[in-house]
Amino acid sequence: MPSSNDHGAELGTPTDIERPIDATAPSRGGGYAEADEASAERAKPAAPSLLEQMGGFSGLIYSTLPVLVFVPVNTLAGLTVAIWTALGVAAAVLVWRLVQRSPVQPAISGFLGVGVCALIAYRVGEAKGFFLFGIYTSLLYAGVFLASILVRWPLVGVIWGVLNGHGSEWRADRRAVRLYDLATATFVVVFAARYLVQSQLYDTDRTGWLAVARIGMGWPLTAVAFAVTIWAVRRAGHLPRTSAEKA
């Protein structure tokens with residue numbers, strides 16, 4: 001005995017297989033996947049800014065504390081006490097960042113840096129030795145950044161290309177190379193100025209002024225160099241690929 005389904009087939013009633021497919025409906029492997037990808041992209045947290053990666057304004061302030069306490073403690077209680085005090089302050093900053101659940105990478109780097117400076121001061125036997133590592137690090141950085149300009153691979157462009165997905169394609173654009181030359185030259189000036197000023201203060205045994213120069217020529221000059229870098233990147237049209245694609 002024929003079933004109702006058989007009658008439907010005989011009378012020409014459209015079955016599930018015969019029903020037309022709506023072309024506007026998203027396919028299971030296409031539209032839904034794209035929608036899911038778009039939702040996931042929107043759900044991604046924003047990348048931290050450079051200032052946030054450095055610990056924010058509080059991180060910049062905390063980084064100066066070991067230097068601020070080192071010189072007066074050395075004057076009042078001697079080199080050994082000053083060294084341990086600077087290390088204690090750096091360790092306290094690290095613990096505080098851990099308790100606050102703040103980014104600890106800047107605090108860890110700061111603690112290690114203070115440890116190296118303290119070791120050099122101990123081996124030199126003078127408070128001014130605390131600043132020796134930073135002085136010669138500035139000289140090294142100035143030389144590396146200058147050499148990158150001379151070989152036509154300005155380091156700012158190289159670093160920015162690696163971090164933001166442009167690779168070395170910017171080297172085909174002479175205008176971009178000139179802009180990155182300018183940004184790299186700004187860092188050369190910053191590092192060279194630190195070395196020249198602080199080495200002169202070191203040679204003349206002006207430890208107090210060394211501390212002032214260390215702080216005053218630290219983040220303020222670095223901020224100027226980063227401002228020039230951001231300007232150069234924008235003029236070159238080399239914003240991060242994610243930003244360019246969204247635009």
Side-chain angles (χ1 to χ4, degrees), residues 46-68 70-71 93 102-103 105-107 109-110 112-114 117 130-164 166 170-171 173-202 206 208-240 243:
S49 66
L50 180 61
L51 181 60
E52 291 172 341
Q53 294 177 22
M54 294 187 297
F57 287 109
S58 61
L60 302 183
I61 295 173
Y62 293 152
S63 66
T64 65
L65 293 181
V67 178
L68 285 176
F70 178 80
V71 174
V93 169
S102 303
Q105 190 276 331
S109 300
L112 295 177
V114 171
C117 293
F130 188 85
F131 304 95
L132 201 56
F133 179 73
I135 292 173
Y136 283 102
T137 298
S138 295
L139 177 61
L140 176 63
Y141 286 163
V144 171
F145 274 71
L146 178 60
S148 72
I149 296 175
L150 297 178
V151 299
R152 308 305 297 159
W153 281 83
L155 203 52
V156 168
V158 173
I159 296 173
W160 186 255
V162 170
L163 292 178
N164 294 281
H166 290 282
W170 54 271
R171 296 194 71 246
D173 186 348
R174 292 184 178 181
R175 179 172 175 271
V177 173
R178 288 195 298 268
L179 288 168
Y180 288 133
D181 279 341
L182 178 59
T184 304
T186 303
F187 278 97
V188 173
V189 171
V190 169
F191 292 131
R194 288 177 182 170
Y195 170 75
L196 292 173
V197 172
Q198 295 178 31
S199 62
Q200 179 64 26
L201 294 173
Y202 181 90
R206 298 183 179 180
W209 282 108
L210 259 176
V212 174
R214 172 75 170 270
I215 296 172
M217 303 182 76
W219 292 118
L221 291 186
T222 302
V224 173
F226 276 124
V228 175
T229 297
I230 294 171
W231 172 83
V233 168
R234 289 181 174 176
R235 290 295 299 271
H238 289 167
L239 294 174
S243 299

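Remember, it's a predicted structure, so these values are computed and weren't measured experimentally. Note: hydrogens, waters and symmetry copies are ignored here, and every other heavy atom, side chains too, is used.
Atom CG of residue Leu179 and atom OG1 of residue Thr229 lie 11.0 Å apart, to the nearest 0.5 angstrom. The distance from atom CD1 of Ile215 to atom CG of Leu65, rounded to the nearest 0.5 Å, is 8.5 Å. Summarising the geometry, atom OH belonging to Tyr202 is positioned 7.5 Å from atom OH belonging to Tyr136; distances are rounded to the nearest 0.5 Å. From Phe145, atom CZ reaches atom CD1 of Ile159 across 5.0 Å, with rounding to the nearest 0.5 Å. The distance from atom CG of Leu140 to atom CD1 of Ile135, rounded to the nearest 0.5 Å, is 14.0 Å. Atom-to-atom distance recorded for Leu146:CG and Leu155:CG is 11.5 Å, nearest 0.5 angstrom.
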Task: Val71/Leu210 under side-chain contact (heavy atoms from CB on, under 4.5 Å): CA gap, chis, key distance, verdict - done: CA-CA 9 Å; Val71 174; Leu210 259 176; over 6 Å; no
Open item on the list: Run Val144 and Phe191 through side-chain contact (heavy atoms from CB on, under 4.5 Å) and show every step you take.
Closed with: CA-CA 10 Å; Val144 171; Phe191 292 131; over 6 Å; no
TODO: Show the numbers, then the answer: is there a side-chain contact (heavy atoms from CB on, under 4.5 Å) between Val233 and Tyr180?
DONE: CA-CA 8 Å; Val233 168; Tyr180 288 133; 4.0 Å; yes
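Taking the six-membered ring for Trp and the full ring otherwise, the centers of Phe226 and Phe187 sit less than 6.0 Å from each other.
At least one side-chain heavy atom of Thr222 sits less than 4.5 Å from a side-chain heavy atom of Arg194. With a 4.5 Å cut-off on side-chain heavy atoms, Phe70 and Val114 do not count as touching. No side-chain heavy atom of Val158 sits less than 4.5 Å from a side-chain heavy atom of Ser148.
For Thr184 (side chain) and Val156 (main-chain N/O), a donor-acceptor pair under 3.5 Å exists by modelled atom type. Judged purely by atom type and a 3.5 angstrom limit, Arg175 uses its side chain to pair as donor or acceptor with the backbone of Arg235.
Here the shortest heavy-atom pairing between Arg214 and Gln198 reads CA-NE2, 3.9 Å. Scanning all heavy atoms of the two residues, the minimum distance from Ala185 to Ile149 falls at N-CD1, 3.6 Å. In terms of heavy-atom proximity, Val197 sits nearest to Ala213 at CG1-CB, 4.4 Å. Val177 and Pro154 make their closest contact through O-CG, 4.1 Å (heavy atoms, listed as atom of the first residue, atom of the second, distance). Listed here is the closest heavy atom pair of Ala192 and Ala142: N-CB, 3.9 Å.
Paired with Tyr195 under the rule side-chain contact (heavy atoms from CB on, under 4.5 Å), one option of Thr137, Leu139, Val190 passes, and it is Leu139.
The aromatic rings of Trp170 and Trp153 sit perpendicular, their planes meeting at an angle over 60°, well past the 30° parallel limit.
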